[in-house]
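Notes to accompany the following structure.
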Protein chains: 2
Amino acid sequence: MTETAQYEELMRQLGAVGVVRRQLDRSLPDGCSSGTAVVLGLLDRGGEMRIGRLAELLAVDMSVTSRHVAHLAELGWVDRSPDPSDRRSRILRLTPEGRARLVELSESTAQLLAQGLCDWSADDVRQLTRLLSRLRAGFADLCPEEEMPAGRPAEPVFARTPSFTM
Amino acid sequence: MTETAQYEELMRQLGAVGVVRRQLDRSLPDGCSSGTAVVLGLLDRGGEMRIGRLAELLAVDMSVTSRHVAHLAELGWVDRSPDPSDRRSRILRLTPEGRARLVELSESTAQLLAQGLCDWSADDVRQLTRLLSRLRAGFADLCPEEEMPAGRPAEPVFARTPSFTM
DNA sequence: TATTGTTATACTCTATAACTATA
DNA sequence: TATAGTTATAGAGTATAACAATA
């Protein structure tokens with residue numbers, strides 16, 4: 001198989017990820033998408049941060065992030081308090097309600113993933129995660145982005161990944 | 001790291017695939033998306049087929065497939081000829097123009113992937129492709145789907161993958 | 001003048017449902 | 001009556017650009 005063919009196949013499989021994501025999304029409660037869960041997860045892992053920082057971590061435009069956060073704020077899952085050091089910005093924080101929802105969403109997703117990956121070893125899962133992380137990093141280099149901060153203020157719902165960050 | 005945390009991390013990385021896809025899409029010429037390229041690739045690998053079959057392979061609704069194909073037909077990249085055995089259906093075929101475009105698209109994508117994955121070994125690429133294929137298969141089982149046919153009529157632009165099919 | 005964030009608009013991809021033609 | 005495909009409509013996600021407030 002030529003190199004180009006291998007890349008073509010990879011591209012096809014990357015597209016297939018959308019299929020899995022849509023299926024996971026369908027299983028989530030009410031107005032929750034996997035996108036919602038990822039935002040909550042980043043706020044949980046990264047602690048309080050501003051919109052710009054969140055947009056960097058999500059690797060989407062700030063305008064997109066702004067709308068997602070506005071939605072989560074309406075739901076009462078994210079709190080936006082004024083940033084005393086820069087009045088243009090607001091500081092985002094997971095509310096207790098948001099944290100509770102994150103646990104719920106994570107468990108729901110984990111259950112479905114466990115079902116779809118029932119014949120996977122823990123190492124398979126780790127390996128796929130690591131390769132995807134590397135993939136993302138390779139393309140982030142083409143369009144630079146920062147890393148997650150080393151320290152974080154609040155207790156995360158789940159343990160952080162030490163070897164690679166989103 | 002708990003199992004749930006590992007799944008949560010996997011979900012996050014699956015979301016990050018969208019970032020890579022969008023970046024690949026931006027590099028494609030005029031009205032081409034990676035979706036377009038995948039349709040052309042499937043028609044190249046699978047030979048002539050009907051809309052329903054293509055929708056299965058893409059794992060999206062037939063209505064979605066219908067519109068994509070209509071677009072490609074307008075561009076002259078896909079030909080829709082009447083199916084003599086069932087006048088409700090039409091048979092889809094890659095046109096020479098479509099095949100030429102596929103080569104172009106594949107090379108363009110391969111070039112960008114090669115750039116983003118410059119520090120990857122060929123085996124890394126294969127492994128990621130294989131794991132994604134397994135991931136998709138695991139979820140396809142929850143919502144069953146068929147495999148690609150063994151034989152195919154036309155010369156494919158690229159070699160087929162023997163061990164796993166989309 | 002530059003930066004942070006928000007809003008308006010548009011585009012893509014997707015699904016559901018109604019519809020046509022044929023089996 | 002059921003099936004293959006198309007079209008209409010709606011929803012989610014994203015990007016660009018114009019804008020407001022502040023640095």
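Owing to the predicted nature of the structure, the values given are computational and were not obtained by experimental measurement. Every chain is numbered from 1, with letters handed out A, B, ... down the list of sequences.
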### Message
Nearest whole Å is fine: how far is D:dT7 P from B:Met62 CE?
### Response
14 Å

### Message
To check you understand the geometry: which heavy-atom pair defines the closest contact between B:Ser106 and A:Thr4, and what is its length?
### Response
O-CG2, 4.1 Å

### Message
Whole angstroms only, please: what is the CG-P distance between A:Leu24 and D:dG13?
### Response
14 Å

### Message
Expected output is a numbered-order residue list: members of residues 72-88 of chain B with a heavy atom under 4.0 Å from any atom of DNA chain C. What is it?
### Response
B:Asp86, B:Arg87, B:Arg88

### Task
Would you mind checking if B:Asp123 and B:Arg126 are paired as a salt bridge, meaning a charged N to carboxylate O distance below 4.0 Å?
yes

### Exam field: side chain B:Ser108 to backbone B:Glu104, donor-acceptor pair closer than 3.5 Å
no

### Query
If you measure from the Lys or Arg side-chain nitrogens to the Asp or Glu carboxylate oxygens, is any gap between A:Arg80 and A:Glu48 under 4.0 Å?
no

### Summary
Rounded to whole Å, CG of A:Leu54 lies from P of C:dT6 at a distance of 11 Å

### Message
Please determine whether side chain to side chain contact (heavy atoms under 4.5 Å, CB included) holds for the pair A:Leu132 and B:Leu10, giving the CA-CA distance in whole Å, both sets of side-chain angles, and the decisive distance to 0.1 Å.
### Response
CA-CA 8 Å; A:Leu132 288 175; B:Leu10 175 56; 4.1 Å; yes

### Message
Using only atom types and a distance under 3.5 Å, with no angle test, would you say the side chain of A:Gln23 pairs donor to acceptor with the backbone of B:Phe139?
### Response
yes

### Task
Quickly work out the B:Met49 CE to D:dA4 C1' distance and round it to whole Å.
16 Å

### Query
How many Å lie between CZ on A:Arg90 and P on D:dT22, as a whole number?
12 Å

Report, one pair per line, the protein and nucleotides 8-13 of chain C atoms (nitrogen or oxygen only) whose separation is under 3.5 Å.
{"unit_1": "C:dC13", "atom_1": "OP1", "unit_2": "B:Ser33", "atom_2": "OG", "d": "2.7"}

### Task
Establish, from distance only, whether the side-chain atoms of A:Arg90 and A:Ser81 form a donor-acceptor pair under 3.5 Å.
no

Report, one line per pair, each donor and acceptor closer than 3.5 Å where one atom sits in a side chain of residues 58-79 of chain A; sequence neighbours left out.
{"unit_1": "A:Asp61", "atom_1": "OD2", "unit_2": "A:Ser63", "atom_2": "N", "d": "2.9"}
{"unit_1": "A:Asp61", "atom_1": "OD2", "unit_2": "A:Ser63", "atom_2": "OG", "d": "2.8"}
{"unit_1": "A:Thr65", "atom_1": "OG1", "unit_2": "A:Asp61", "atom_2": "O", "d": "3.1"}
{"unit_1": "A:Trp77", "atom_1": "NE1", "unit_2": "A:Leu75", "atom_2": "O", "d": "3.4"}

### Message
Tell me whether A:Arg88 is salt-bridged to A:Asp83, with the criterion being a basic N under 4.0 Å from an acidic carboxylate O.
### Response
no

### Task
Can you tell me the distance, in whole Å, between the CG atom of B:Asp61 and the P atom of D:dG11?
17 Å

### Query
Are B:Ser66 and D:dT6 close enough that a side-chain N or O sits under 4.0 Å from OP1 or OP2?
yes

#### Entry: Contact under 4.0 Å: A:Arg21 side-chain N or O vs C:dT14 OP1/OP2
no

